[in-house]
Number of protein chains: 4
Amino acid sequence: MMNEEQWLKELLQLNGEDVKLSEKQIKILEAAIEMFAEKGYAATSTSEIAKKAGVAEGTIFRHYKTKKDLLLAIVTPTLLKSVAPFLAKEFVKEVFESQYESYEDFIRALLKNRYEFVKKYLPAIRVFWQEIAFHVEIKEQLQRIFTAHVYQKFKQIVEYFQKNGELAAIPADSVIRMTIIAIAGFLVARFIVLPDYEWDDEAEMERTVQCLMHGLAKK
Amino acid sequence: MMNEEQWLKELLQLNGEDVKLSEKQIKILEAAIEMFAEKGYAATSTSEIAKKAGVAEGTIFRHYKTKKDLLLAIVTPTLLKSVAPFLAKEFVKEVFESQYESYEDFIRALLKNRYEFVKKYLPAIRVFWQEIAFHVEIKEQLQRIFTAHVYQKFKQIVEYFQKNGELAAIPADSVIRMTIIAIAGFLVARFIVLPDYEWDDEAEMERTVQCLMHGLAKK
Amino acid sequence: MMNEEQWLKELLQLNGEDVKLSEKQIKILEAAIEMFAEKGYAATSTSEIAKKAGVAEGTIFRHYKTKKDLLLAIVTPTLLKSVAPFLAKEFVKEVFESQYESYEDFIRALLKNRYEFVKKYLPAIRVFWQEIAFHVEIKEQLQRIFTAHVYQKFKQIVEYFQKNGELAAIPADSVIRMTIIAIAGFLVARFIVLPDYEWDDEAEMERTVQCLMHGLAKK
Amino acid sequence: MMNEEQWLKELLQLNGEDVKLSEKQIKILEAAIEMFAEKGYAATSTSEIAKKAGVAEGTIFRHYKTKKDLLLAIVTPTLLKSVAPFLAKEFVKEVFESQYESYEDFIRALLKNRYEFVKKYLPAIRVFWQEIAFHVEIKEQLQRIFTAHVYQKFKQIVEYFQKNGELAAIPADSVIRMTIIAIAGFLVARFIVLPDYEWDDEAEMERTVQCLMHGLAKK
DNA sequence: CATGAATGAGCCTTCATTCAT
DNA sequence: GATGAATGAAGGCTCATTCAT
């Protein structure tokens with residue numbers, strides 16, 4: 001239980017400060033995440049959530065003005081954390097200056113990092129991806145953040161390693177697209193489509209990196 | 001309109017025989033596909049569908065016993081057509097004997113074929129993919145068809161081209177996974193995530209094929 | 001089947017003339033009687049009746065303008081036949097002049113006659129009694145016929161046997177009430193409440209007559 | 001109003017403990033009883049009940065999960081109370097030991113007691129008897145209670161007064177049947193068939209008792 | 001703060017009835 | 001005459017939300 005609370009607080013915490021969540025609030029969020037992930041937002045009733053959370057129906061609305069607010073309280077932090085590495089101020093500098101000597105190292109690190117992230121917060125991430133198609137607010141939020149933060153930085157990195165000679169001279173957009181597809185595709189296959197298949201995670205992730213790099217490398 | 005009717009009938013037609021759809025039925029299906037795609041099954045009311053289709057609400061239930069039946073009437077054929085190339089009896093023989101001299105030719109053909117398919121039936125496909133997370137029946141149907149038809153044939157093809165020397169000796173499962181991710185990932189990016197981006201489809205598809213082949217080829 | 005048709009025609013036939021019923025009409029009436037008896041008029045849908053009768057939904061409404069008309073087509077003749085002995089023109093004369101030498105003979109004959117009647121037309125009678133509480137038209141019809149035909153004649157008979165010295169000098173209304181209750185009560189017990197009990201019909205009917213006569217006879 | 005509440009609470013109270021009914025609940029039950037009695041369960045809509053009760057339709061379903069639950073909440077206690085005298089633990093002893101010196105006294109008391117009961121709870125009793133034909137649950141409940149409690153005790157009493165010499169030596173079952181028919185028949189005539197007739201209740205009940213006793217007494 | 005009774009709009013579905021074929 | 005597709009009102013029931021306690 002301590003554990004449950006913990007992952008939630010970590011997920012919802014956005015700027016280092018501890019989030020303040022009453023015990024009831026935590027129960028509500030947990031229940032909502034679980035049910036939204038399983039049945040979808042529209043097919044889940046607030047009374048079900050209340051029952052599963054062990055609180056009165058009214059209590060949910062004390063904390064979240066509407067059912068949609070409850071959804072967004074889950075989705076917004078998840079979305080932010082999903083693209084988090086790119087939100088870090090120092091991120092690009094780190095990539096160039098020392099941390100990653102090659103694009104290969106970079107995507108390997110990125111894949112591993114996102115793998116751990118999805119593993120940890122899977123239910124919330126399911127909610128996020130399942131609902132994004134139905135709620136413009138979420139779609140726009142993601143687009144805003146992606147173009148404002150992720151895309152720019154990603155592009156810099158790609159172009160750096162193209163000049164550097166590691167990557168082939170294909171359009172940066174294509175490189176970015178293929179990189180994201182390879183990483184996201186692996187995670188979707190691993191955690192959503194075939195979570196019960198017996199994965200050799202280490203090997204498969206390395207294969208993913210290799211395949212991508214051979215595909216993108218300068219020949 | 002003639003056109004509209006046509007694509008629907010093609011989508012729903014499963015074994016060569018013409019499907020018989022009354023005009024009202026077509027209107028209902030069109031309206032349902034459009035609304036399910038946009039708002040999701042659970043958030044779409046039958047009265048909205050009826051209004052958009054220009055029929056009485058009761059008419060929907062004369063043709064489809066329940067709202068869920070209406071969903072499945074859309075999703076089942078879409079699902080079947082989605083994995084259709086692999087359902088053709090002669091398919092494997094064709095691949096080996098002449099049509100495709102290399103795995104590269106094969107995936108190029110596959111990608112183009114699926115690209116045309118998605119382009120044509122996009123709304124129905126959206127419905128299918130958006131709802132699969134929420135309905136076990138659909139998930140099980142897909143799994144059954146995939147393991148029974150797609151997976152076996154795909155494996156034969158991959159192993160053939162591995163013996164042949166074109167593909168590297170990594171596990172067939174991994175090759176299949178990466179192939180599917182590359183193709184599906186491109187289509188998702190192209191039609192769902194960024195349908196409004198100015199795509200140079202020819203170039204981008206070729207790049208996808210190249211990247212994948214370099215990644216998978218024997219070095 | 002010949003049989004089925006027969007009893008229905010007999011029930012519906014009111015004034016000696018043969019009733020003209022198309023085959024479909026018979027099927028509809030049979031189905032309606034069966035379902036109304038089992039589930040009640042309000043809980044039976046016309047489409048169920050149509051299905052059970054093997055006709056199209058519209059066919060019912062060609063023969064009976066409304067669902068209620070269908071009910072009345074069943075109930076009215078049943079009601080009339082239920083009080084039929086008293087409708088016969090010559091009835092009172094028969095009782096006095098020869099047929100029945102005593103009130104005891106009269107009620108014995110009445111009971112046997114009504115017993116055969118209920119046995120033959122049970123489902124239709126069930127419909128009649130189950131629905132009478134809910135439809136004023138039926139209630140009024142019964143009241144009209146009862147006061148106009150049954151009550152008057154019954155009273156004459158009772159008063160005759162009171163003067164005659166067979167019956168005690170209690171109010172005729174009370175005698176009528178107790179007679180009807182004894183007869184109707186037996187039939188309800190026999191056919192509705194405990195149809196599956198192993199009845200010795202002869203003995204039980206005789207007991208009913210005896211009990212009633214001892215109760216009513218002059219001491 | 002105070003009065004209304006009172007009779008309802010008395011009817012629904014089953015084991016001495018006070019039933020807790022919110023004001024809205026009482027209004028709902030009152031409205032439901034009235035409408036079910038008048039139009040029948042199947043022909044009464046929950047929205048009508050709500051309107052008559054002066055509550056929102058949803059409120060009905062907060063207290064009674066389904067419309068049928070509402071019916072049973074009315075019918076079950078009515079059914080139990082209807083056969084209540086026989087449910088009392090001490091009942092048989094009372095009959096034998098002192099209270100009733102003869103079968104005549106016993107049925108006189110029973111009739112008067114049931115008369116008061118029907119007079120008090122008429123609408124609920126109508127619902128009970130009108131619906132019993134259509135709902136197996138109710139029929140089975142009555143059968144269970146009757147055979148388990150009423151029949152056994154009734155039989156003991158009858159056989160006691162037969163040995164005793166008061167009652168003739170006809171089968172106990174027949175005595176029971178005729179007794180019940182006489183009592184129930186009177187009540188049905190009095191309250192259902194001809195409630196508006198000018199009844200001299202005292203006289204008519206005594207006549208009923210006399211008639212029955214003369215019919216059943218040893219000669 | 002938390003509760004849970006109350007609400008009434010809206011949901012999916014069924015119904016009796018009509019009417020073109 | 002018979003059909004059965006079409007209708008739209010009404011049915012039972014659920015829902016998100018409010019508010020007095």
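Owing to the predicted nature of the structure, the values given are computational and were not obtained by experimental measurement. Here is how names work: the chains are called A, B, and so on, in the same order as the sequence lines, proteins then strands, and each is numbered from 1.
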message: Return whichever of C/Ala56 or B/Ser22 has its heavy-atom-nearest nucleotide of DNA chain F closer to the 5' end.
response: C/Ala56

- request: Heavy atoms only: give me the nearest B/Phe36-A/Phe134 pair and the separation to one decimal.
  value: O-CE2, 4.4 Å

B/Thr46-B/Glu57 side chain donor-acceptor pair, cut-off 3.5 Å: yes

- line: For B/His63, the side-chain hydrogen bond (donor to acceptor under 3.5 Å, both in side chains) test, sequence neighbours excluded, returns B/Gln25

field: Protein-nucleotide distance (D/Ile26, atom CD1; E/dA5, atom P), rounded to Å
entry: 16 Å

- prompt: How does DNA chain E read in dot-bracket, base by base from 5' to 3', with Watson-Crick or G-U pairs under 3.5 Å and | used when the partner is on another strand?
  reply: .||||||||||||||||||||

- prompt: Can you list the residues that meet the salt bridge (Lys or Arg N to Asp or Glu O under 4.0 Å) rule with C/Glu38, with sequence neighbours excluded?
  reply: none

field: C/Thr76 side-chain N/O to C/Leu72 backbone N/O, donor-acceptor pair under 3.5 Å
entry: yes

statement: Contact string for nucleotides 13-21 of chain F, one letter per nucleotide 5' to 3', B = base within protein heavy-atom range under 4.0 Å, S = sugar-phosphate only, - = neither, reads BBSBBB---

message: What is the distance, to the nearest angstrom, from the CD1 atom on B/Ile28 to the C1' atom on F/dA5?
response: 11 Å

query: Within this structure, what is the NZ-to-C1' distance between D/Lys51 and F/dG12, rounded to whole angstrom?
result: 15 Å

message: Tell me every residue that passes side-chain hydrogen bond (donor to acceptor under 3.5 Å, both in side chains) with D/Glu48, counting only those two or more places apart in sequence or in another chain.
response: D/Lys39, D/Ser45

statement: Those residues at least two apart in sequence (or on a different chain) that pass side-chain hydrogen bond (donor to acceptor under 3.5 Å, both in side chains) with C/Lys52 are C/Glu34

- prompt: Roughly how many Å is it from CD in D/Gln25 to P in E/dT7, rounded to a whole number?
  reply: 13 Å

- prompt: What is the distance from CE of D/Met35 to P of F/dG11, rounded to the nearest Å?
  reply: 11 Å

- request: Send over the distance from C/Phe36 CZ to E/dA16 C1', rounded to a whole Å.
  value: 12 Å

- prompt: Which pair of heavy atoms, one from A/Leu29 and one from A/Leu70, lies closest together, and at what distance?
  reply: CD2-CD1, 3.9 Å

field: C/His63 side-chain N/O to F/dG1 phosphate OP1/OP2 under 4.0 Å
entry: no

- request: Specify the separation, in whole Å, of atom CD1 of C/Ile60 and atom C1' of F/dA2.
  value: 12 Å

query: Is C/Glu137 salt-bridged to C/Lys68, cutoff N-O under 4.0 Å?
result: yes

message: I need the CD1-C1' distance between B/Ile49 and F/dT7, as an integer number of Å.
response: 18 Å

